[in-house]
Amino acid sequence: MSDVANRVKKIVVEHLGVEESKVVDNASFIDDLGADSLDTVELVMAFEEEFGIEIPDDAAETIQTFGDAVGFISNANA
Amino acid sequence: MFDLTGKTALITGASGGIGGEIARVLHGAGATVGLSGTRTEPLEALAAELGERAHVLPCNLSDFAAVDALPKQAIEAMGSLDILVNNAGITRDNLFMRMSDDEWQSVIDVNLTATFKLCKGVLRGMMKARWGRIVNISSVVGATGNPGQGNYAAAKAGVIGMSKSLAYEVASRGITVNAVAPGFIATAMTDKLNDDQKSAIMGQIPAGRMGDPAEIAAAVLYLAAPEAGYVTGTTLHVNGGMAML
């Protein structure tokens with residue numbers, strides 16, 4: 001697993017209090033990991049800080065799963 | 001009784017009678033205060049009066065770019081932002097049938113839209129801190145209406161609905177959002193009324209007098225305090241019994 005994926009996973013596990021094994025690529029933050037809509041906003045905030053990037057609101061809406069997040073951040077960092 | 005030591009507070013309209021008193025009272029409780037307003041001179045004077053823990057942050061709330069920048073400026077100056085008091089407001093009174101679009105819009109912009117933008121701008125820090133206090137100053141006329149103030153009453157009622165909605169969203173993060181609705185308070189704004197107008201107003205107030213800015217500030221202090229952590233989405237009416245809501 002990439003460095004980005006590991007760091008994203010750590011944030012998700014800490015923030016949502018879920019088991020690491022559940023944080024898989026197609027795991028939806030809301031449907032599978034128990035996040036509410038405000039949690040997803042906070043996750044995006046945490047990603048922005050961890051990776052020093054800006055995630056605009058319209059982009060944030062497309063980040064539904066763990067895989068989406070890793071993909072977006074990897075592209076933003078590239 | 002209420003201790004805000006170590007907390008930071010941004011107060012808009014701090015150059016006015018009520019806002020200045022809110023700043024004094026929060027500062028007196030130990031908070032570091034950011035004094036915002038359009039006119040720099042009275043803000044500087046208030047900061048000088050307060051001494052330490054006071055920062056002047058001029059901002060014209062009808063300039064939305066400046067409004068967007070204000071929370072960041074406050075955090076740069078004070079290191080954090082724990083308490084936001086949206087007190088600033090303007091009036092452009094006119095009979096409904098004569099009210100221009102500009103009179104309507106300018107009051108909505110400053111009293112409602114700027115309040116929305118400032119609330120939005122402070123949320124990130126408060127969510128991370130898992131603590132925050134937002135106190136929006138509404139008005140009795142937001143609940144009762146007032147002839148000649150269709151724009152002002154709409155904005156002030158809007159502030160209440162907005163505060164309640166936001167209160168729902170962030171309650172689980174330790175952030176409370178409340179409104180204070182003053183009745184007639186003795187300030188430079190009400191000094192301009194003539195004696196006939198004043199006696200007509202007094203007739204509607206069971207307490208038989210206008211309120212003092214300190215009586216609004218005390219309500220804000222309570223809602224900003226740690227002790228009010230279980231109070232959210234409410235409107236505290238401070239109006240001498242003029243409207244018992």
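In what follows, every chain begins at residue 1, and chains take the letters A, B, ... in the order their sequences are listed.
- Ion pairing of A:Glu42 with B:Arg124 is absent here, as no side-chain N (NZ or NE/NH1/NH2) approaches a carboxylate O to less than 4.0 Å.
- Heavy-atom minimum distance, B:Val170 versus A:Leu38: CA-CD2, 4.3 Å.
- Annotation for A:Asp31: atom CG counts as buried by contact number, over 12 foreign heavy atoms lying within 6.0 Å.
- Atom CZ of residue B:Arg173 and atom CG of residue A:Asp39 lie 4.5 Å apart, to the nearest 0.5 angstrom.
- A 6.0 Å sphere centred on OH of B:Tyr168 holds no more than 12 heavy atoms belonging to other residues, nucleotides or ligands.
- Residue-environment remark: NZ (B:Lys164) stays at or below the threshold of 12 foreign heavy atoms within 6.0 Å.
- Separation of atoms CE (A:Met45) and NZ (B:Lys128) is listed at 6.5 Å; rounding is to 0.5 Å.
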